[in-house]
Amino acid sequence: TASLCCLNECEPLMSEIESQVRAPTATAELLLGVVGNLSSDTVDAPRRLPSGLAQRLLAIAAKRGGQVPLHGRLFAEWLHFAFPHECPFPHAVEDAAVHTRDFWKGRQFAHNATEQEEARGGFAAPPEGA
């Protein structure tokens with residue numbers, strides 16, 4: 001049985017941006033024009049983006065030689081604010097080191113394992129029926 005989960009409604013928006021820009025980066029002015037003319041289920045176009053949102057995109061471009069990387073974290077964050085219901089906020093990627101035993105060895109924890117948990121290597125028992 002296959003199940004569908006969590007369609008990313010931001011993908012069609014990004015596809016439209018990519019098809020209009022046709023480059024990995026763009027000026028803030030170009031992106032403001034493109035995004036201002038994009039519609040979604042919750043946003044009607046054309047629209048004038050709030051000045052704070054426009055200023056944020058201009059600031060991103062200013063720090064990157066006048067160009068905004070389309071596939072960068074800052075543009076993804078900005079796009080979330082332009083389309084809050086369609087584009088998820090990009091969460092920071094964890095440092096891969098947190099998944100290693102050496103990273104956690106010797107660190108102090110607030111949780112004190114019970115004797116039964118310690119016998120299982122410090123993990124709580126799985127719920128019954130699992």
Side-chain angles (χ1 to χ4, degrees):
T1 298
S3 64
L4 280 177
C5 174
C6 315
L7 293 174
N8 185 344
E9 297 177 40
C10 196
E11 285 183 23
L13 297 168
M14 262 314 282
S15 291
E16 183 61 28
I17 293 167
E18 290 168 337
S19 72
Q20 290 190 39
V21 171
R22 300 177 60 149
T25 62
T27 64
E29 294 80 3
L30 174 61
L31 290 171
L32 289 169
V34 170
V35 171
N37 285 304
L38 290 179
S39 292
S40 72
D41 289 342
T42 63
V43 175
D44 292 326
R47 67 177 170 148
R48 182 178 164 97
L49 295 164
S51 63
L53 200 55
Q55 290 302 316
R56 176 71 180 130
L57 192 61
L58 290 165
I60 293 169
K63 290 182 179 180
R64 286 163 181 73
Q67 296 288 308
V68 177
L70 296 186
H71 299 283
R73 177 181 169 78
L74 293 177
F75 183 66
E77 286 178 7
W78 184 87
L79 204 54
H80 163 73
F81 292 111
F83 293 95
H85 300 287
E86 292 79 8
C87 297
F89 189 84
H91 295 283
V93 177
E94 279 186 355
D95 182 352
V98 300
H99 298 287
T100 65
R101 182 176 296 208
D102 289 338
F103 178 85
W104 294 104
K105 191 184 289 183
R107 293 187 186 256
Q108 298 294 320
F109 297 98
H111 172 73
N112 292 322
T114 65
E115 286 181 32
Q116 289 175 335
E117 288 174 331
E118 286 178 7
R120 287 188 296 276
F123 297 102
E128 289 207 22

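One is the number of the first residue; the rest follow in order along the sequence. Side-chain atoms are counted along with the backbone in the values below, which use heavy atoms only and exclude waters and symmetry mates.
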Using every non-hydrogen atom in the two residues, find where N37 and P46 come nearest and quote the distance to one decimal. OD1-CB, 3.4 Å
Option passing side chain to side chain contact (heavy atoms under 4.5 Å, CB included) with L38 (candidates L79, I17, V43): I17
Partner set under salt bridge (Lys or Arg N to Asp or Glu O under 4.0 Å) for E77, not counting sequence neighbours: R73
Closest non-hydrogen contact found for A26 with V21 is CB-CG1, 3.6 Å
Joint hydrophobic cluster, L58 plus L53, side-chain heavy atoms closer than 4.5 Å: no
For residues 39-87, which residue pairs pass the disulfide (SG to SG under 2.5 Å) check, not counting sequence neighbours? C10-C87
Ring centres of W78 and F75 under 6.0 Å apart? yes
E18 CD to H71 NE2 distance, which is reported to the nearest 0.5 Å: 4.0 Å
Going through the checks in order, is the side chain to side chain contact (heavy atoms under 4.5 Å, CB included) test met by Q20 and L30? CA-CA 9 Å; Q20 290 190 39; L30 174 61; over 6 Å; no
Are side-chain heavy atoms of T25 and L70 found at a separation under 4.5 Å? no
Do you know which two heavy atoms are closest between A82 and V35, and how far apart they sit? CB-CG1, 4.1 Å
Rounded to the nearest 0.5 Å, what's the gap from CZ on R56 to CZ on F81? Could you check? 9.0 Å
Under 3.5 Å donor-acceptor, T27 side chain and Q67 backbone: no
In this structure, CD of E16 is separated from CE of M14 (nearest 0.5 Å) by 11.5 Å
Least distance between heavy atoms, A45 atom then G36 atom: CB-O, 3.8 Å
Find the distance between CG (L32) and CD (Q55) and round it off to the nearest 0.5 Å. 9.0 Å
Atom NE2 of H85 and atom CG of D41: how far apart are they, to the nearest 0.5 Å? 11.0 Å
